[in-house]
2 protein chains.
Amino acid sequence: MSDHDQSPHLSASSRNGNSGDALPPVGEHARQYETVRNAHETELIEDYVELIGDLLQHRGEARAADIATRMGVSQATVSKMIRRLNELGLVTSKPYRSLFLTEEGQKMAETSRARHDIVLHFLRALGVDDHTARIDAEGMEHHVSNDTLAIMQRFIDEHAKP
Amino acid sequence: MSDHDQSPHLSASSRNGNSGDALPPVGEHARQYETVRNAHETELIEDYVELIGDLLQHRGEARAADIATRMGVSQATVSKMIRRLNELGLVTSKPYRSLFLTEEGQKMAETSRARHDIVLHFLRALGVDDHTARIDAEGMEHHVSNDTLAIMQRFIDEHAKP
DNA sequence: TATCATTGTTAGCCATGGCTAAACTATTTG
DNA sequence: CAAATAGTTTAGCCATGGCTAACAATGATA
């Protein structure tokens, strides 16, 4: 046994005392981890799509070599990944040609970019220096819910320079 | 070619206009992604260690079955993972017995817990509801730098109920 | 045009982190 | 104490996301 109590007492949170918030109820706890695992499955995909969108926008084309350099991985890895993106219907690609995003890919790129921007601007508004903000935003963006994102946006608006 | 310009112009940021922050310089961009990849390698480990620490503290013991239930994965997965934690010198375990953390494991558990708590309390202080805050914190905690963490802590202090 | 550097692809390797099924140990209970 | 149940481990499968090395296509340039 040992875990079939359902931890009924998670009430007294919200204290900052940093001490021991009780363990969340089992089911909820499991769902938290599951959410993170799911995010991991999509986040690389989103990163690629977002980067491809950025390259298309800022450079007019997205070549595998550029992606490899910017992501810091080998071309082989990128090539493999592009096949997956293709199968997922996110990009179209003729061999040895620049990539393009499908409609769905574009939607994903926009969404990702928007999330990314909000998180980045939020961190800067919070007082985080630009360099750190960029790094943290890259990691955080896939784990921020829409609710939190909305709150971040509000925070940015309130703290924006006039 | 196509990417050997080093994007010298990232200066004009900080505007919230949400439009197109130019691409970061290649090297820096690659380092951002690398940081995220590295974080991914450690984050599962940290989650396990943190959870084991929590179970030890709140339950007095950490059994594989509990971990499996709370993480929402199979016991086999946990068993395999425990072997890794063992090899990494983070836990000690005699077969078919409860786990314990090594000194190093305890240090990691404490650090992880502290990060987690700061992120969680920060989100709540920001106005995110408890349930969402828990989920987001679980995903975010591994991607928040010490600098940002310090700023979050300051924010919490400033917004704490008296 | 022939050559060569750049770029892209393929094949095949590895580690990680899931899973199920089966085997084994420990504990509880009849 | 034997049998049943609960918990743990092992074996072996799969997908993902890295890598290197070898090969193929493209496109510039001599």
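We use all heavy atoms of the structure for the numbers below, so side chains are in, but hydrogens, waters and symmetry mates are not. No experiment lies behind these values; they were computed from the predicted model shown. Sequence lines set the chain letters: A, B, ... in the order given, protein chains first and strands last, and positions in each chain run from 1.
- The side chain to side chain contact (heavy atoms under 4.5 Å, CB included) test applied to A:Ala133 returns A:Leu120, A:Leu123, A:Arg124, A:Val128, not counting sequence neighbours.
- When the side chain to side chain contact (heavy atoms under 4.5 Å, CB included) test is applied to B:Glu34, the partners found at least two apart in sequence or on another chain are B:Arg31, B:Arg37, B:Asn38.
- Between the two ends of the helix from C:dT1-D:dA30 to C:dG30-D:dC1, each summarised by a five-pair axis, the helix axis turns through 10° (rounded to 10 degrees).
- One N or O on the side chain of A:His159 and one on the backbone of A:Phe155 form a donor-acceptor pair closer than 3.5 Å.
- To the nearest angstrom, P of D:dG17 lies 10 Å from CE of A:Met71.
- Looking at residues two or more places apart in sequence or on another chain, you find a side chain to side chain contact (heavy atoms under 4.5 Å, CB included) between A:Phe100 and A:Leu56, A:Thr92, A:Ser98.
- The side chain of B:Val73 lies closest to C:dC19, out of C:dC19, D:dT20, D:dT8.
- With sequence neighbours left out, A:Asp147 forms a salt bridge (Lys or Arg N to Asp or Glu O under 4.0 Å) with no residue at all.
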If you apply the rule salt bridge (charged side-chain N to carboxylate O under 4.0 Å, His left out), what do you find for A:Arg134 with A:Asp130, and how did you get there? CA-CA 6 Å; A:Arg134 281 169 183 270; A:Asp130 186 82; 2.9 Å; yes
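- Taking B:Thr35 as the reference, nothing meets the side chain to side chain donor-acceptor pair (under 3.5 Å) condition, with sequence neighbours excluded.
- In this structure, B:His143 and A:His143 have parallel ring planes: the angle between them is below the 30° cut-off, well short of the 60° mark.
- Look at B:Asp54 and B:Arg113 and you find a salt bridge, because one of the NZ, NE, NH1 or NH2 atoms lies within 4.0 Å of a carboxylate O, short of that distance.
- Within residues 76-94 of chain B, the residues approached by DNA chain C to less than 4.0 Å at the level of any non-hydrogen atom are B:Ala76, B:Thr77, B:Lys80, B:Met81, B:Arg84, in residue-number order.
- Taking the side chain to side chain contact (heavy atoms under 4.5 Å, CB included) definition, one finds that A:Ser112 meets it with A:Glu46, A:Glu50, A:Met108, sequence neighbours left out.
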Heteroatom pairs (N/O) under 3.5 angstrom, protein to nucleotides 22-29 of chain D:
from, atom 1, to, atom 2, distance (Å)
D:dA25, O4', A:Tyr96, OH, 3.4

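- Nucleotide C:dT7 holds its P atom 10 Å from the CD atom of A:Glu61, rounded to whole Å.
- D:dT8 atom C1' lies 12 Å from atom CD1 of B:Ile67, rounded to whole Å.
- Listed pair A:Arg37 / C:dG17 fails the phosphate criterion, with no side-chain N or O lying under 4.0 Å from OP1 or OP2.
- A side-chain donor-acceptor contact under 3.5 Å links A:Thr102 to the backbone of A:Leu90.
- Partners of B:Ser74 by side chain to side chain donor-acceptor pair (under 3.5 Å), not counting sequence neighbours, listed by chain and number: B:Thr77.
- Atom pair B:Leu99:CG and D:dT8:C1' shows a separation of 11 Å (rounding to whole Å applied).
- Taking atom CD of residue A:Glu34 and atom C1' of nucleotide C:dG18, one finds them 13 Å apart after rounding to whole Å.
- The side-chain hydrogen bond (donor to acceptor under 3.5 Å, both in side chains) analysis of residues 78-91 of chain B, with sequence neighbours excluded, yields the pairs B:Asn86-B:Ser93.
- Looking at residues 38-47 of chain B, you'll see that no heavy atom sits under 4.0 Å from any atom of DNA chain D.
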